[in-house]
Amino acid sequence: MITCLRATGMPLDQIKQYFDLVIQGEDTVPERYQIMLKQQQKTLDEINELQNHLTTINYKVAHYADLLINHQPDSFEPSNIQAAEKSTEK
């Protein structure tokens with residue numbers, strides 16, 4: 001459980017507080033429940049943020065795969081954008 005909580009970013013002092021409550025017994029279940037609810041939401045928020053980052057990375061992977069397969073220049077490359085702008089100015 002310590003490894004799990006640490007991996008989700010819970011500070012050691014909060015982990016210690018949680019286990020101190022466990023040792024204190026049944027009367028601390030409501031407080032432990034609140035600690036776990038808070039950590040659950042924090043972890044879900046981080047998963048959502050990582051999923052958004054992964055979506056962006058997947059888009060770039062697909063973009064580069066398309067460039068490699070079709071032997072095309074990268075339209076997002078600044079030098080290619082400038083060259084395209086100059087050719088449309090003529």
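Note that this is a predicted model, so its numbers are computed, not measured. The residues of the chain are indexed from 1 along the displayed sequence.
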Chemist: Going by atom type alone, with no hydrogens or angles, which donor-acceptor pairs under 3.5 Å involve a side-chain atom of residues 14-26 and a protein atom two or more places apart or on another chain?
Modeler:
from, atom 1, to, atom 2, distance (Å)
K16, NZ, D20, OD2, 2.9

Chemist: Find the distance between CD1 (I57) and CG (N52) and round it off to the nearest 0.5 Å.
Modeler: 11.0 Å

Chemist: Taking side chain as C-beta onward, heavy atoms only, is D74 less than 4.5 Å from H63?
Modeler: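 Yes, their side chains come closer than 4.5 Å.
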
Chemist: To the nearest 0.5 Å, tell me how far K42 NZ sits from E46 CD.
Modeler: 4.0 Å

Chemist: Kindly compute the distance separating CZ (R32) from CG (D27), expressed to the nearest 0.5 Å.
Modeler: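 Answer for the CZ-CG pair, R32 versus D27, is 9.5 Å.
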
Chemist: For the CG atom of L54 and the CD atom of E49, what is their distance to the nearest 0.5 Å?
Modeler: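 Nearest 0.5 Å value for the CG-CD distance: 12.5 Å.
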
Chemist: About how many Å separate CD of Q34 and CD of E31, when rounded to the nearest 0.5 Å?
Modeler: 9.0 Å

Chemist: Would you kindly confirm whether I35 and M1 end up in one hydrophobic cluster when ILVMFWY residues are joined by side chain heavy atoms under 4.5 Å apart?
Modeler: yes

Chemist: Measuring only between side-chain heavy atoms, which start at C-beta, is T43 closer than 4.5 Å to M10?
Modeler: no

Chemist: Is it the case that one hydrophobic cluster holds both L12 and L5, taking links as side-chain heavy atoms less than 4.5 Å apart, direct or via other members?
Modeler: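 Per the 4.5 Å side-chain linkage, L12 and L5 are co-clustered.
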
